[in-house]
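Structure first, then comments.
Every chain is numbered from 1, with letters handed out A, B, ... down the list of sequences. As the structure is a prediction and not an experimental result, all values here were calculated from the model.
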Amino acid sequence: MSEHLLSLIIFIPLIVAVGVFFIPNDKTLLIKQVTLVATLAQLLLSLILFMSYDGSFIPSNWNEAFLFVEKADWIQMRLGQYGVFVIDYFVGVDGISLPLVVLSSFLLVIGVVSSWNLKEKVKGYFMLYLLLSTSIIGCFVALDLFLFYVFFEFMLLPMFFLIGIWGGPNRSYASIKFFIYTLLGSLLILIVMIGLFISVEDTQKALQLAEQSGRIELVHSFSMVQMMEGTYIYDSLLAPSSDVTILDIPVRYWAFILLMVGFAIKLPVVPVHTWLPDAHVEAPTAISVILAGILLKVGGYGFFRIAYGIFPDGAIEYAFPVACFGVVSIIYGGFAAMAQSDLKRLIAYSSVSHMGFVMLGLASLTYEGVAGSLFQMISHGLISGALFLIVGVVYDRTHDRKIENVSGLASKMPAYTFFTMLFFFASLGLPGFSGFVGELLSLIGGISAENVNGLFPRWLGMIAVFGIVISGAYYLWTAQRMFFGKYWTREESWDVKMKDLDVREWVMLVPLAVLVLLFGILPGWILDPVDNSINFFVDQVLSSGREIINNY
Amino acid sequence: MLKGQLEQILDQLTFLRFEMALVIGALVLLVVGLISKKALVHRVGFSVILVCSLFVDFGVLETQTILSGSLQIGPLESYVKMLFAAFAIWIVFYPTAKKQTPEFYFLMLSMVIGSSFMVSANHLLVAYLAIELTSFTSYIITNFNFQKKSFEAGIKYLIFGGVSSAVMLYGISIVYGIGGGLEIDSLYLHDSDPFLAFGILALLGGLFFKVSVFPFHIWTPSAYQEAPTDAVAMLSVVPKVAGFVLLHRVLGMIDLDVFTWVTPMLIFAGIGTLLVGTLGALGQTNIKRLMAYGAIAHSGLLLGCLFVSGDLGVAAFAWYALVYAIMNLALFHVVAVFEERDITSVSELTGQGKTQSYFGGLMVVIMIALVGLPPTAGFTAKFYLFSALWHEFQIGSDYYLLGFLIVSILTVVFSLFYYFRIPFYYFLKSGSGVNNAPIDLSHKIFATILVMILLWFFLSPEILNNIVLNFNAVDW
Amino acid sequence: MNLDVLFFGFAAMVALPLIYMIFTRNIIRSVFAFTISLLGLAAIYVLLNADLMAVVQILIYAGGIVVLLIFGVMLTKRTREAGVFTDHHQVVIGGLVFIGMLVFLVSGILKAGQAEWAGVEFENQIAKVGVLYLTDHLVAFELVAFLLLVALVGAAFLAKKSDH
Amino acid sequence: MAVPLSYYLLLAAFIFCVGILLVLIKKSAVFVLLGIELMLNAANLNLVAFSKFDPQLEGQVFAVFSVVLAAGEVAIALAILINIYRQYDTTSLDKLDQLKN
Amino acid sequence: MDSGALYIILLMMLPILAAVISTFFPARESYMITPMFHVIGIVSAYLVMDYVPIDVRWHWVANIELGMTLDRLNVVLVALVYIISSLVHLFSFHYMKDDPGIKRYYLKLAFFTVSMLGLLMADHLVLLFVFWELVGFSSYLLIGFWFKDKEKSTSARHTFMINRVADAALLIGVILLVAVFDVSKVSDVKLPEGGNPALLTLAGLMLAIGAFGKSAQFPFYGWLNKAMAGPTPVSALIHAATMVTAGVYLLARFQPLLAPNVMMVVGLVGAATALIAGVSALFQNDIKGVLAYSTISQLGYMMLGIGVGDYKASIFHLWTHAFFKAGLFLAAGSVIHFMHKANHGVDAQDMRNMGGLRKHLPFTFVTFLVCGAALSGLPFTSGFLSKEGILLATVLWANKLSPEQAWMGYSIMGAGFFAALLTPIYVSRQILLVFFGRVRTVFQINLGKKFEPTISVIVPLMVLVGGSVWFSVSKGIFDAHGWRLHRYLFPGRLTGIPEDISYYVFFASLLLTSIGVLIGYILFRPGSKKVAMYKESNILPNSIKGFWQEGWYVDRVYGVLNQGFLWTSNFTFWVDKQVVDKVVNGLGVGAVIIAKVTGVFDKYIIDGLVNFAASFFSGLGNVLKRLQAPLVQAQVAIAMVVVIVFMFWFLF
């Protein structure tokens, strides 16, 4: 079982989705239960995965860095007389993807609970939901670039429909905007993927194939491991030795830039973030949770695995701009959040701000920074997920999210206020909550990078620190406007609906709160098992990046 | 001498079994049409003829010219012809097939015949006649809805086509005079002569018309909009693919080092096609018209296959053509189903998703394939093409090619805009449906089969290997 | 010398009606001008030793197509049209295209080379062409036959169906 | 050869350009068809002129086919035109503007 | 886990344990047990004093080894926190017993205490920062305790935000020290070897700014007055005795790292704050307002002590101040409670409504008197001793400065002495206005003469009074270095102090204090003109007095900054909606790139990107429209034109 653990995690929802297809439309409860069981099974398996992950080894190269590897032949196609390209079903986890897998499967369960009260088109919703969860997990564990790309693209479709059909009043605009933006991003990735597989060869596979066919051929590989190891074909465009430039920028740097832009759209980074507030505002609560909690992380994960892993030279060369964009996102997102009157939109902008830390930490390429970046992704996943649930609570009751339309909720809904404040403070980086750890580590990375590896000056990190002031400002202001003061609502009719949290909401919020606190106090629970992976990642990127820069 | 020549002709006529079967079948069908008025008979007859033609055809392993250089046959030609016949069979399952007359099927067969000759033509005279044959068929077929607008579309198509073919003929005459002959494989145009250059340009212009490449694409939207939908499916695939094969053969006789403008011109035409197709589609409301623009954009991509040299190019082309054929078959089937439900405009699709979600799901997969997203064969085809283009860029470092590659990838984003308007209105826009009657089970089955094929080709595209391995068309 | 004069005469016979056609407003007259021009062309074909072509030109073009066109004009000319020329823009563009194309072609022709053919035989062209039709150009010949059938069936069907 | 080949070609070019001009500037469909015929004639003239130097006479063969094709085309055009006339009560092409985006 | 760790954890967790346990009992009286837990804490701290240092370390995350430690300095402060906290817990029972949110109150209070203890015991800069923030957070919770009152919750928010700004600076300092200089242990700060001195200065400055924030120094002092919105016992605990001194504690710990320039800044800010706040305290009408500003002023003294290099004096002042200021606050709380009960209609905190309360509140009066004397620095009080220590250090420091810096040193010194003059003035003003003369309002309910029935009021007040007289802290009446804990805390030898200077300073401060008391009495004695008109005195908003009363308009500065902040945010959002979204959406990126490539970017920047984009798209639209012409001849024309363009482009 353990050798197929990852496949199980990926494909359980897909199989269940097919099963759900055969359940009659009107048995909504059964559909929900089946979905819940499927996601719970996914969570259980990923917990087993986490428990049995042995992070104590120190890999010596990328080939050894991954555990639970499954590899099976999938596609072998001829590239004319230029050889064969090989696409494998190749999955595995290392310390960077593992926490994200666990996070995703956890949030997916929360998402099901949060959509428990859905009434219309239940079957379609949950089928799409299951498809979504397959592609999300697949995205995090794929080690074959093609496989990754397929999962990556496939995420868009369920998302498009989930927003577009079950979303708010302006859903159609939002869903299209979401789709277009992210598709644009993924196409940039596609360009690089094409260039990469044409430039990378797999000699081992070539020998294997030669045994079958009897002749040695050039085997183009999609394996990310090969790409990270850098087995490039001499004279290919993306090989480090390539001297082709476009507009005076070497092709490899272009590839890095394209990847960064592609994933930055997903992350999102200013100025390509504008799809996010729209998508969030219109998405149903559960989908907002998934979107903020997981989908943004795919962008961050792409930075790690693909942009930085495969183009370490670009990572070093462009550390400063990358960090700059991170800092700009932090500050800009914060200011933009401040100006919002729609609670959901506010949280969406705050996501922009918080994901800036991911970029900053990663750009620093210090151990702390990278660990912080990873941790920030986990923590933001939990916190923003919870915050969207929080918005969902008030939206369910009033069908309105305007901050100024209610006030003094604290006296009417104490438990709700408690959770809101908890997550607000967690999000604004109060120590003791996980948000602080991620931000702290990223900032340590950002400020110490100049000393550790000299990638970018420390004033960038210092500016970023003031992001935490801004986040404090908008959260507290919002809390005050909505929860404090005299109880008041815009519509009288809302009064009756303003009940405190029900059981379902407790069930969703308590685990999140517990985890946010737990990881805030004991961040080592996440970071210690993956310590070696992060160290290895940092070393590898720095050393091979420097090597490429120095040698070519 | 003459006797020997005639014997040789008789020998070589056996290579034309496919075409001859179709011609005979077409004539028989015409006669049968006079006897029986039953639509079913015509449909069965049509498909029987095509199946027979498929059976009498066999793969030619070696590329050769026959009939004193009139025709060229080879594995690629066989493949494309079989693709035509295999494709054409399916249109009898369209919902529109019920009302079609034997003349319709006769014309469909002539379209396949003309396209087959186009694919094989090695002589500019044959090429011209074959093009005109498909053109005449298309002009006529465009009117077959017998509506006010369809006649308009017909005459516009005819005038535009007439001008284009006249221009092409003029170009052929120049090529003949200055280049010194009409046989494509024995011609090699290497005199840098502006008059000859004009001839080449004019000749290519006529071919562009056939494959609806910018700037000769303009007839496409009107014609597609008004022609019967099953005819549109044919029109969008059969003559177009044939045109590309012919275009490629014609390009083979031009010395690109002398006529340095040809490659940039082709690439600009390709970029123009992509842009016109995608940008033009953005504002459309009529479904078929929208799809016509989409087909124009696909022409741009098919044109991209010609930029890739060697067997990589032919593989990309063969694969793209195959997938394009399947996608369009499925697409226009869906459009035909909509038409049967009195839906011609995008906005009339509102509310369909409530009652017809299964069919809608299939339709979504088809649209995904057309946009070129995984997990469909549409993605694989585009992916293979882009890979080939990248490889070509890597070999030649031709920045025009890079520009084409980038534009073609970017147009994928825009194609999302218009292709996804269909599911968008179908599912997302609220409104009451025009027609809420359930969709016929047979249509669902038909669409399901095609969708399955699209998905299967994504999961297991190795079939391409098997096709391409036979080609050894290094002169592509 | 004589042939030269003849050529210029026939060329004028071809070209002048064309100029008339550009400016005339009357379709029927223009069709007749077209006919004159066709006949001039036929004469030029004779000058070029292409007798068969000259005959075909007179028979099919002047005899068939022109009749068909006049027939069409008669059938459809019941109401008076407001004008003959398209709108201003279009005429200007047309003029520019005309001039541009002409300038280009003329300059091209004056610079043009010509393919080198081994030898030229002039005798018994019709017989030779006839043989060619059934040997080298057999495919084209059969194809054109089928094409005419298609045109026939199509045109007849279009005309017939619209009666209903 | 008394008259140089280029004279024929120039005449053909003139015919061709007049054909295009007619297509572009005349409203009536019949005029436009005439224009197309002129363009075809120009090509034919070219073919025949070139074929004078061609022992294979391919140009002339081609030209004959093209005349036949022109006839077919006009036939189809008129069939459609009659229908157009019935539906639109005109053969003026600028009245045919139903097909728009 | 070793016993040390257990001990530390226990010592830290006692308050929350107490609060949680008592929360489980339904009766309100259960909260009376909380002070007992605190007493355990005091005793434990006392018992452990001779066994320090004990510490516990654990791996937290990344390379960060967090640790907590008990050493001589912080065990004393822990004890202090426990003492004040126990009294406040006790007092609160009376003060809050009718409040429905008492459970919440005690939990929050306990949470605060725990955070404060953690802050003191943290032995890693990051952990210190963690508790630093938590202290701020719990303070936010307590200030906003009456959240239904919009103003109070606003005050809480402002408090938190002002602190947050300073905390951001502190965070920079912490990160610089931890990540760049590898200085992380709080209990053992050494100057790092090597490293960029300018960077070290920056780090020190950032720490100082952080400390200024928490200790309400210029320019952050505005928050402390707002913080008075919380329940008064809270003010006693947080805003007098514990939290505000965290900055002093931090700088005292990190003094070895501070560069001379930074020290100068600290001293300057401390002196300036002492002066500024002293002036403002003179004009307050709110009974807590006076105390708030006096607290700021006293914190300025402590900062001054740090700045002049004698952190020992500052710690001493911290200790004494904790007692007398807590006493004053609790006494004020008692007054307010009384006023609240006596007359619901009027503002219970406004001194204009008070007067003559000594008859009603004798214990309170005594407390106020003694603690006020200590605050003023009258002899025989603890305040006298500690304040004199700081002044002495200042004088010594100023004398040693180089001639170029001397003027600065002497002005700092002068400010310190002047503030010492101001303190007795406002203290006597307050005491005279509150407890003497006639009541300036009507009591609706006659509560009798004695309104201090319960032990939970009397005991805390008396203990604090005890803590404010000299013998509780020192052997010598006038010995500024005679603190009983001095030898324990700072085992080294005392630096010799020149006798003459010591006497000068002693007499100078005595003189200043006496003058201050005198001025205060003359101005505000019962029956003076000022007092007679006091009830009606309204300070015009724009007068100079208003300027002082409002704390030198620091709030308005914050307001302007806040407006700027909001404006920026609105502007950002506007940009986001109008520019970024449109540009990115509308393919503007493409336009920009094209423009850039062709090198005409600058030109179009001048013309305005908007114009460019507009014309670009309208042009594109027109072209597309032409390309989709409905008329067939136009279509032909397009094709032909394109062909001709191609022709002339490529063939020539």
Side-chain angles (χ1 to χ4, degrees), chain C residues 3-4 7 11 14-15 18 21-22 27 30 34 41 45 48-50 52-53 56-57 60-61 64-65 68-69 72-73 75-76 79 81 83-86 90-91 93-94 97-98 101-102 105-106 109-110 114 117-121 125 128-129 132 137 140 144 147-148 151 154-155 158-159 162, chain D residues 2-3 5-11 13-18 20-22 24-28 30-31 33-34 37-38 41 44-45 48-57 60-61 63-65 67-76 78-83 85-86 89-92 94:
Chain C
L3 285 177
D4 281 10
F7 171 76
V14 173
L18 294 186
M21 277 170 80
I22 295 172
I27 298 183
S30 136
F34 177 60
L41 270 175
Y45 291 148
L48 285 166
N49 279 339
L52 177 67
M53 187 58 201
V56 167
Q57 179 84 355
I60 300 184
Y61 250 120
I65 295 178
L68 210 54
L69 279 171
V73 172
L75 261 181
T76 58
T79 50
E81 297 295 340
V84 171
F85 293 103
T86 46
Q90 187 69 27
V91 172
I93 293 174
V97 168
F98 174 74
M101 197 73 97
L102 199 59
L105 287 177
V106 168
I109 289 167
L110 294 180
Q114 183 197 328
W117 272 299
V120 188
E121 297 166 43
Q125 277 197 7
K128 183 163 187 194
V129 168
L132 282 176
H137 298 293
V144 90
L147 201 151
L148 282 176
L158 285 182
S162 55
Chain D
V3 180
L5 176 67
S6 54
Y7 284 27
Y8 295 99
L9 299 184
L10 286 174
L11 180 60
F14 178 71
I15 300 172
F16 183 74
C17 291
V18 171
I20 290 184
L21 189 62
L22 284 184
L24 290 182
I25 64 168
K26 297 281 181 171
K27 261 189 202 172
S28 164
V30 178
F31 257 127
L33 286 176
L34 276 179
E37 296 306 320
L38 281 180
N41 266 303
N44 286 347
L45 179 53
V48 175
F50 283 128
S51 118
K52 193 176 176 189
F53 306 94
D54 181 7
Q56 294 297 310
L57 293 175
Q60 202 178 335
V61 172
V64 172
F65 281 126
V67 172
V68 174
L69 272 188
E73 192 167 340
V74 168
I76 296 171
L78 284 177
I80 299 173
L81 213 55
I82 288 167
N83 284 308
Y85 188 69
R86 283 185 192 151
D89 206 29
T90 178
T91 57
S92 182
D94 59 355

Considering only heavy atoms, which portion of D:Phe14 lies under 4.5 Å from any heavy atom of chain C: side chain, backbone, both, or neither?
->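 Interface part for D:Phe14: both.
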Which region of D:Phe16, side chain (C-beta onward) or backbone (N, CA, C, O), has a non-hydrogen atom less than 4.5 Å from a non-hydrogen atom of chain C, or is it both or neither?
->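 For D:Phe16, side-chain heavy atoms alone lie under 4.5 Å from chain C.
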Taking D:Lys52 for the side chain and C:Ala50 for the main chain, is one N or O donor matched with an acceptor at less than 3.5 Å?
->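 Pair absent, no side-chain N/O of D:Lys52 close to backbone of C:Ala50.
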Can you tell me if D:Asn83 uses its side chain to pair, donor with acceptor, with the backbone of D:Ala79 under 3.5 Å?
->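 Side chain of D:Asn83 to backbone of D:Ala79, a donor-acceptor pair under 3.5 Å: yes, one is there.
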Selection from [options] maximising heavy-atom pairs under 4.5 Å formed with chain C:
options                   : result
D:Val18, D:Val64, D:Asn41 : D:Asn41
D:Gly72, D:Ala63, D:Ser6  : D:Ala63
D:Leu38, D:Leu69, D:Ile80 : D:Leu38

Is [X] close to chain D through its backbone or its side chain, or both, or neither, when contacts mean heavy atoms under 4.5 Å?
X        : value
C:Leu102 : both
C:Leu41  : side chain
C:Leu52  : both
C:Val144 : side chain
C:Val91  : both
C:Ile22  : both
C:Leu132 : side chain
C:Leu147 : side chain

Aromatic ring proximity, centroids under 6.0 angstrom, D:Tyr8 and C:Phe7 =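 Ring centroids of C:Phe7 and D:Tyr8 are less than 6.0 Å from each other.
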Name the option with the most non-hydrogen atom pairs under 4.5 Å to chain D; the candidates are C:Ile65, C:Leu105, C:Val14.
->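 That would be C:Ile65.
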side-chain hydrogen bond (donor to acceptor under 3.5 Å, both in side chains) between D:Gln60 and D:Asp54, intermediate numbers included | CA-CA 9 Å; D:Gln60 202 178 335; D:Asp54 181 7; over 6 Å; no
Does the side chain of [Y] come within less than 4.5 Å of [X]'s, by heavy atoms?
X       : Y       : value
D:Lys26 : D:Leu34 : no
D:Ile20 : C:Phe98 : no
D:Leu45 : C:Tyr45 : yes
D:Leu81 : D:Leu78 : yes

